[in-house]
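Only one structure is covered here, and it is reproduced in the block below.
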Amino acid sequence: MSAIPANRNPDYPVDEMFPARWSPRAFSDAPVTEAQMMSLLEAARWAPSAANVQPWRLVWGLRGDAGFATILDSLSAGNQAWAGQAAALVVMASKTMRTTSTGEEAPNPTHGFDTGAAWASLAFQANLSGLVTHGMGGFDKDRLAEALNVPQGYSLHAVIAVGHPGDPATLPEALRAREVPSQRKPLPEIAARGVFPG
Ligand SMILES: Cc1cc2nc3c(=O)[nH]c(=O)nc-3n(C[C@H](O)[C@H](O)[C@H](O)COP(=O)(O)O)c2cc1C
């Protein structure tokens with residue numbers, strides 16, 4: 001597992017995998033194998049979802065694949081500046097409708113929430129495997145959906161860069177300064193007993 005960054009000190013006991021996961025932009029040239037990717041995708045597969053619908057759909061490519069280039073091409077310029085160095089890119093999408101217990105097609109209100117759980121599972125498995133991930137919302141959803149022939153009824157949520165941690169010195173200067181593990185709001189600001197926090 002990747003080490004916990006020195007500036008990340010949880011206030012309460014948690015497994016070290018939580019503060020150890022963070023989102024760097026510097027990736028080494030080292031490739032990720034298909035077998036390593038299968039582990040990450042398998043972790044996503046075991047995420048919980050409402051009524052076990054498993055609405056997530058993932059499209060992935062290794063650097064050098066045509067699919068990787070297609071995904072990279074959809075990213076904002078700011079993300080393209082670093083994400084092309086990642087070993088793999090994964091698109092997190094989800095099916096927006098579900099079949100109800102009475103057999104009708106109805107909107108699935110939790111498809112995005114559930115797919116967030118799948119992304120988190122993938123990210124934590126990556127860290128446990130010594131890899132790093134970086135989620136991105138900065139991409140052209142319509143363009144990517146068209147390029148990947150995504151059928152109607154699916155939403156694209158994020159693109160995930162996956163790879164081995166790299167040297168921040170390889171980043172453009174503006175990004176190098178931002179290559180610092182982030183902090184978190186104090187717990188009472190986000191959780192309270194019996195009342196809404198804040
Ligand atoms: C859904 C989502 C979208 C994000 N979009 C971007 C993005 O487009 N570009 C980027 O550099 N980082 C992006 N991030 C990374 C976040 O800024 C980062 O996860 C957040 O600052 C917390 O830091 P940490 O992941 O290192 O703990 C995104 C993260 C998530 C979960």
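Side chains included, hydrogens not; waters and symmetry mates left out as well; all remaining heavy atoms used.
- Scored by the side-chain contact (heavy atoms from CB on, under 4.5 Å) test, A147 finds T70 as partners (sequence neighbours excluded).
- Residues passing the salt bridge (charged side-chain N to carboxylate O under 4.0 Å, His left out) test with E16: none are found, sequence neighbours excluded.
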Report, one line per pair, each donor and acceptor closer than 3.5 Å where one atom sits in a side chain of residues 165-174; sequence neighbours left out.
{"unit_1": "D167", "atom_1": "OD1", "unit_2": "A169", "atom_2": "N", "d": "2.9"}
{"unit_1": "T170", "atom_1": "OG1", "unit_2": "D167", "atom_2": "O", "d": "2.6"}

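- Qualifying side-chain contact (heavy atoms from CB on, under 4.5 Å) partners for P151, counting only residues two or more places apart in sequence or in other chains: Y154.
- Residues satisfying the side-chain contact (heavy atoms from CB on, under 4.5 Å) test with S74, not counting sequence neighbours, are F139, L144.
- Heavy-atom minimum distance, A20 versus P5: CA-CD, 4.0 Å.
- Note on residues 87-102: pairs passing side-chain hydrogen bond (donor to acceptor under 3.5 Å, both in side chains), not counting sequence neighbours, are S94-H111, S94-H157, T99-E105, T100-T102, T102-E104.
- Scored by the salt bridge (charged side-chain N to carboxylate O under 4.0 Å, His left out) test, D140 finds no partners at all (sequence neighbours excluded).
- V14 is linked by a side-chain contact (heavy atoms from CB on, under 4.5 Å) to P10, F18, P19, counting only residues two or more places apart in sequence or in another chain.
- In terms of heavy atoms, I160 sits closest to M136 at C-CE, 4.4 Å.
- Considering only residues two or more places apart in sequence or on other chains, R8 meets the salt bridge (charged side-chain N to carboxylate O under 4.0 Å, His left out) condition with none of them.
- The stretch residues 158-187 participates, sequence neighbours left out, in no ring-ring contact (aromatic ring centres under 6.0 Å, His included) pair at all.
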Run the side-chain donor-acceptor check on residues 77-91: report pairs under 3.5 Å with partners two or more places apart or on a different chain.
{"unit_1": "N79", "atom_1": "ND2", "unit_2": "S76", "atom_2": "OG", "d": "3.3"}
{"unit_1": "N79", "atom_1": "ND2", "unit_2": "G138", "atom_2": "O", "d": "3.0"}
{"unit_1": "Q80", "atom_1": "NE2", "unit_2": "L72", "atom_2": "O", "d": "3.0"}
{"unit_1": "Q80", "atom_1": "NE2", "unit_2": "D73", "atom_2": "O", "d": "3.3"}
{"unit_1": "Q80", "atom_1": "NE2", "unit_2": "L75", "atom_2": "O", "d": "2.9"}
{"unit_1": "W82", "atom_1": "NE1", "unit_2": "G78", "atom_2": "O", "d": "3.4"}

Side chains of residues 40-59: which donor-acceptor pairs under 3.5 Å do they make with residues two or more places apart or in other chains?
{"unit_1": "E42", "atom_1": "OE1", "unit_2": "R45", "atom_2": "NH1", "d": "3.2"}
{"unit_1": "E42", "atom_1": "OE2", "unit_2": "R45", "atom_2": "NH1", "d": "2.7"}
{"unit_1": "E42", "atom_1": "OE2", "unit_2": "W46", "atom_2": "NE1", "d": "2.7"}
{"unit_1": "S49", "atom_1": "OG", "unit_2": "V53", "atom_2": "N", "d": "3.2"}
{"unit_1": "S49", "atom_1": "OG", "unit_2": "Q54", "atom_2": "N", "d": "2.9"}
{"unit_1": "N52", "atom_1": "OD1", "unit_2": "Q54", "atom_2": "NE2", "d": "3.0"}
{"unit_1": "Q54", "atom_1": "NE2", "unit_2": "N52", "atom_2": "O", "d": "3.1"}
{"unit_1": "R57", "atom_1": "NH1", "unit_2": "Q54", "atom_2": "O", "d": "3.0"}
{"unit_1": "R57", "atom_1": "NH1", "unit_2": "P55", "atom_2": "O", "d": "3.4"}

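- Counting heavy-atom neighbours within 6.0 Å of Q183 CD, excluding the residue itself, gives a total above 12.
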